Amino acid sequence: MPGPGGCGTITPERRPRANPVTDSSRYRPQVIEERWQQHWQSQGLARTPEPGPSAASHSVGTGEPYYALSMFPYPSGSLHMGHVRNYVITDVIARVQRLRGRAVLHPMGWDAFGLPAENAAIERGVDPGAWTDQNIGQMREQLKRLGLSIDWDREVATCHADYYRWTQWLFLQFLDAGLAYRSEATVNWDPIDQTVLANEQVDGAGRSWRSGSLVEKRKLRQWFLKITAYADQLLDDLPKLQGWPERVRTMQANWIGRSTGAELQFEVVDGDGAGTGQHIAVFTTRPDTIYGVSYVVLAPEHPLVEALTASEQQLSVQAFIDLVGRQSDQERTAEDSPKRGMPIGASARNPANGELVPLWIADYVLAEYGTGAVMGVPAHDQRDFVFARQYELPVRQVIIPEGSDEHAYEGGAWTAGGVLIHSGPFDGLTCAEARQQIIAAGEAGGWGQGRVQYRLRDWLISRQRYWGCPIPVIHCDSCGVVPVPEEQLPVELPQGVELAAKGGSPLAQLESWVAVACPCCGQSARRETDTMDTFICSSWYYLRYSDPHNTALPFSREAVDRWLPVDQYVGGIEHAILHLLYSRFFTKVLRDRGLLGFDEPFARLLTQGMVQGITYKNPHSGRYIAPADVADPSDPRDPISGEVLDTFYEKMSKSKYNGVDPAGVIDRYGADTARMFILFKAPPEKDLEWDDADVEGQYRFLQRLWRLVDSAQERGLRLAPSGASPSGNAEAPLTEGDQELRRAVHTAIAAISEDLDGDYQFNTAVSELMKLSNAMGSQLEAASEAVAVEALTVLLVLLAPFAPHLAEELWQRLGANPDDDNSVHRQRWPEADASALRRDTVTVVIQIKGKVRGQLEVPADADAATLEALALASEVAAKWLEGQPPRRVIVVPGKLVNLVP
RNA sequence: GGGGGCAUGGCGGAAGUGGUAGACGCAGCGCACUUAAAAUGCGCAGACGGCGACGUUGUGGGGGUUCAAGUCCCCCUGCCCCCA
């Protein structure tokens, strides 16, 4: 591949300048990029401006704060293309905002706790902390090669004690607020990783998101955060997030899953039909269908099941419970899976009409949701309908569509609205009316009440793992759960723990660490040995960046309110639910604690698409083939069998051999090419197909820019110190060529400014840069010096956010002095000059009945009547109207004239 | 099953509030430079017809609204995502 080698042995300075085809006119990113990265670092170009008079000396960066944030990475040790895309997007945003005069915070850090470090420790006997720090070091160096304008002075790592000290401090805030509690719970137990998982970490097939093993159910005493207490706020504030993608808001709303309905009490009856005093509470969103109940179903885990099961049913019920226990929630409730259940030999009384209905247990009812019991209304719920058909339970219709007869809908459940029948005093009411009145009747009769139910569960945060943030509490036999006093924070992770042991928390095995005096009574007590879910650590890191060196608090109120909410957050769609919901929850809790003064942490969210690599697969063997082993990409064949391969793009991964290493791309083309390619190839939120040929094309574009500036330099053009606008005047009007070039320049300013405002469209912004470059390529040579210099100045400033190294190099080559800090990155974003965009004549289209038939060059200020007259007089009109006057004429000034015969 | 999104040349993708479809780039073709190639520069390029100026057709398929539809409405097909 003819990549840029950088193999010349003669330094540019020693070459004679006369020959245009010299090494000095070759773009060699390998030489310039590292130099500028070091220079910028020494100049503090990415440093976050602090408020106050000291910063006022410089014109740039003293404006309103702007916070540009990428989702911080897990430090795996190697950067992949998904990271590159994420951080380049955020970097462009940060750089544009600086050029626009904003004071920019653009930080980076590490989501550094988690299982990979612990697994590496077990497999290789290394210290998880040392392993993680080494990875951080590697990744930081890789990131720096991208030329990101990150303020590294604000770097945080969640696994460092100076960070997790405050994670613990914040946990104690939750504890103090009554939002952290311990509870015995059925938990998802991962038998491979030997830990519990949050519901969110179990996939649709009931497998661990990390180990992939089937998750088991276990009862354990666990720590929870009471996110359900904020369910309403988290849902109701979603409409505030207009800068978020609609689908992310929808996903969060679905996840919270608020449903309004009623909790109704069914009294258990004995064999003679007499009440036993025991009640089964069911939750339903359809209290209006209560007269259609034909049975009540309990979750197999429901606490009353054992007591209520008739003795002759004991064996089969127990067998059924065991069977269900092996299924995941998803399997149990999937609509297409068979519903299974059995009667337990007891009955309950319908509180509305006094009827006795049988009690069942079934797999599709979950103990965790609602009350763990539902009323079965086969006529008006599809799952109940399927269940009833299967077990020959009665189906009674109590809702009919308005105006229809009652037998019209027997084929399946009628789940839409209608009018009540067979419902005693409620007959004739609409569903909505009946819901209210039946709830009212229930409240009056003591057998029901309105209730709001959420799909959202409390957040299980306990992990039986070493490499996480220790939960800062102490268990004392006499005082109970005692928070570790603030001044004793951080509770540091101890060294030398045996990590390979299975079956519980590694910390529990280190007696010297566990045994501690109770802070309350001084008696011997024991530390909590669970660590926190790493999602806790990532739920507040964006706050810490505002004040990363604070040793008295996680952040000061002043700093956090100055920088937040984050103006633009950028990251993967995979965090649409968990991380973003948890962060919103944290923000609201901390607001209620008075620690910060805003409701939502992220004003705008950009979810960038995946980076996909070209993937070859043998359709018969199912084997993936590395692109390097495919001899002819236009006819991809298996290198061994010669079979034709399937070709497609898929997310880059090792097992598919379709990954592209960012370091290799930077080595070959430089960071600027990689940045430009990624931004240009696809809109930011869409998946991006990595294509070496397109990368090559992007490199050629940067080379063209290099040559363009090189020849301008040969001509002796230098950047003007003042930057006065060469707009011409009456005595010395601009030539037509100058006007045309200026129009191209200011069109680019307007278009790119538009593309970078709010909704970011980097792909079209880059294409506008290309257009400007094309225009300059043909017109710069003939342009006057003033206009040419303006064009060059604008081109380089517009280029600066995208290809920062090249823009800076060319800026300096055109005469700016790097030593007096005249960086292209400290310039002002240009303003489009409306007078440059003005033109004397414009082309309008002549349509005949909506079809384009010709064009007309007209004065730009021609009014509708003039345009109509010109169009009617045109040859096009003569040809198509055949002498008849048009029935109708539509004129869109500056655009078209439509003649309708 | 529910909710959301998408569908435009050989390919990636452009097209404020309906107003010249295909910007920009990749791949391709032609020309110039070169002994030649690479690189570079210039040009062509939706499809069909025509030597041509042009004409017809064209944004997944079908219908509709409109002077005018990629864009708005209805139906259908396919793909993707989320929730069940």
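Below, chains carry the letters A, B, ... as their sequence lines are ordered, and counting in each starts from 1. Everything numeric in this text was worked out from a predicted model, so none of it was measured.
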[X] [atom1] to [N] [atom2]: how many Å, rounded?
X	N	atom1	atom2	result
A:D755	B:rA15	CG	P	8 Å
A:E246	B:rC83	CD	P	17 Å
A:L235	B:rC83	CG	C1'	15 Å
A:E696	B:rG28	CD	P	12 Å
A:Q612	B:rG13	CD	C1'	15 Å
A:E768	B:rA15	CD	C1'	12 Å
A:M251	B:rC81	CE	C1'	7 Å

Is the phosphate of [N] approached by [X] (side-chain N or O, under 4.0 Å from OP1 or OP2)?
X	N	answer
A:K771	B:rA23	no
A:R704	B:rA39	no
A:Q761	B:rA15	yes
A:K681	B:rG13	no
A:N763	B:rA14	yes
A:R247	B:rC83	no

Using the ring pair (Phe, Tyr, Trp, His ring centres under 6.0 Å) rule, pick out the option among A:F701, A:Y699, A:W690 that qualifies with A:F677. A:W690
Electrostatic pair A:R604-A:D759, nearest N-O below 4.0 angstrom: yes
So, A:E246 and A:R249, do they make that salt bridge, N to O below 4.0 Å? yes
Closest to the [X] side chain: [options]?
X	options	result
A:D691	B:rC24, B:rU20, B:rC26	B:rC26
A:V852	B:rA23, B:rU20, B:rG19	B:rU20
A:R888	B:rC67, B:rG25, B:rA15	B:rC67
A:Q847	B:rG19, B:rG25, B:rA23	B:rG19

Select base, sugar-phosphate, or nothing to describe what [X] touches, counting heavy atoms under 4.0 Å on all strands.
X	result
A:R700	sugar-phosphate
A:F701	nothing
A:R249	nothing
A:V900	sugar-phosphate

Could you give the distance separating [M] and [N] at their [atom1] atoms, to the nearest angstrom?
N	M	atom1	result
B:rA69	B:rG50	C1'	30 Å
B:rA14	B:rG61	C1'	24 Å
B:rG18	B:rU71	C1'	6 Å
B:rA23	B:rU34	P	33 Å
B:rA39	B:rC51	C1'	37 Å

Nearest nucleotide by nearest heavy atom, which residue falls closer to the 5' end of RNA chain B, A:S778 or A:V844? A:V844
Specify the residue among A:K849 and A:L896 whose closest nucleotide of RNA chain B lies further upstream toward the 5′ end. A:L896
Side-chain heavy-atom pair A:F602, A:L241 within 4.5 angstrom cut-off: no
May I ask you to test the A:D237-A:R584 pair for a side-chain heavy-atom distance under 4.5 Å? yes
Would you write out the dot-bracket form of RNA chain B, 5' to 3', with Watson-Crick and G-U pairs under 3.5 Å, [ ] for crossing pairs, | for pairs to other strands and . for unpaired bases? (((((((..(((......[....))).(((((.......))))).((((....))))..(((((..]....)))))))))))).
Using only heavy-atom distances, decide whether a donor-acceptor pair under 3.5 angstrom links the side-chain of A:Q698 to the base of B:rG25. no
Taking atom types as they are modelled, would you say the side chain of A:N898 forms a donor-acceptor pair with the base of B:rC67 within the 3.5 Å cutoff? yes
Over 60° means perpendicular and under 30° means parallel, so tell me whether A:Y760 and A:F762 are parallel, tilted or perpendicular. parallel
